[in-house]
Amino acid sequence: AKKPPPNAILAPNFRFEDVGIGGLDVEFAAIFRRAFASRMFPRGLVEKLGIRHVKGLLLYGPPGTGKTLMARQIGKMLNAREPKIVNGPEILSKYVGASEENYKEKGDDSELHIIIFDELDAITKQRGSTNSGTGVGDTVVNQLLSKMDGVDQLNNILIIGMTNRKDMIDEALLRPGRLEVHVEISLPDESGRLQILKIHTAKMTKEGVMAEDVSLPDLASKTKNFSGAEIEGLVGTTAGISDDIDQLRVTKQDFELGLTEVQPAFGVSEEEFA
Ligand code: ATP
């Protein structure tokens, strides 16, 4: 895969498609504008403007829509260290602490540390909600809050939380100075699905195993409510269905069959119950 140039954010010919992310250009523009445009400014300018960097970003939306891809890509574009992905309540001291430690040791905050909280809702159930009867949620939220408030002097930490359930996230975590910028990553529209289909069939096309009767625009129109992950699943399932192993060809008919096997899990109801 092509590596994006270090200043990819500003490179005019950069395309998300080239790094395997389809249909999220608008969302990315919003994230960039609202969450980290200031990180691209020269340091002096930030001081002159008297602004502070956004510390936290919340990406929310249905599963499999590319939140993790996006968070990792943001890390690459900001020349951050390999983002730390945190799953579950092992979290805090270990990671925020490690960044602080690094800062203390090297006295250098030029290297950005990105900490990604995947499934943030599972880690930090709303305080006082019946689910957190054990008090575990409370402790974790409180720890996270105090850690986030504590990193004020550190410009080199960006926290990205991800969730399928924004409504389950404690309000206190979503305030200014915390996970303050919220961007929804929703199911892709038809042109987004076409981009995602192109990405996940690129290899087949390159290797010449895709039959000529397959129309990606047609598939994009037939995959309403599919997430990116489900489109990827459709391509994989279809490749498996293709029985013409000798000829190794993935045909329109294979895709038709694939479409009967892979169904979208989300979004269907909105239309049907409208
Ligand atoms: P979850 O909420 O379940 O963690 P997510 O939104 O973080 O899901 P990802 O982990 O980024 O979703 O996506 C899973 C896989 O699905 C990706 O590795 C990728 O192969 C495919 N995929 C999802 N969205 C896209 C997209 N917009 N473009 C290309 N591929 C995608």
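All of these numbers come straight from a predicted model, not from anything done at the bench. Both ligands and their constituent atoms are indexed starting at 1 by order of listing. Just so you know, these numbers use all the heavy atoms, side chains as well, and skip hydrogens, waters and symmetry mates.
Note on I114 and V183: same hydrophobic cluster, where clusters join Ile, Leu, Val, Met, Phe, Trp and Tyr whose side-chain heavy atoms are under 4.5 Å apart, directly or indirectly. Linking Ile, Leu, Val, Met, Phe, Trp and Tyr whenever their side-chain heavy atoms come within less than 4.5 Å puts F36 and L24 in one cluster.
Listed by chain and number, G20, I21, G22, L24, P63, G64, T65, G66, K67, T68, L69, D118, N164, I196, H200, G228, A229, E232 each place a non-hydrogen atom less than 4.0 angstrom from ligand 1.
A donor-acceptor contact shorter than 3.5 Å is absent between the side chain of T201 and the backbone of M204. Side chain of E180 to main chain of R175: no donor-acceptor pair is present (N/O by atom type, distance under 3.5 Å, no hydrogens or angles).
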Are D121 and T163 close enough, and set up right, to give a side chain to side chain donor-acceptor pair (under 3.5 Å), and what steps lead you there?
CA-CA 6 Å; D121 49 291; T163 182; 2.5 Å; yes
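Using cut-offs of 30° and 60° on the angle between ring planes, the pair F32 and F28 is parallel.
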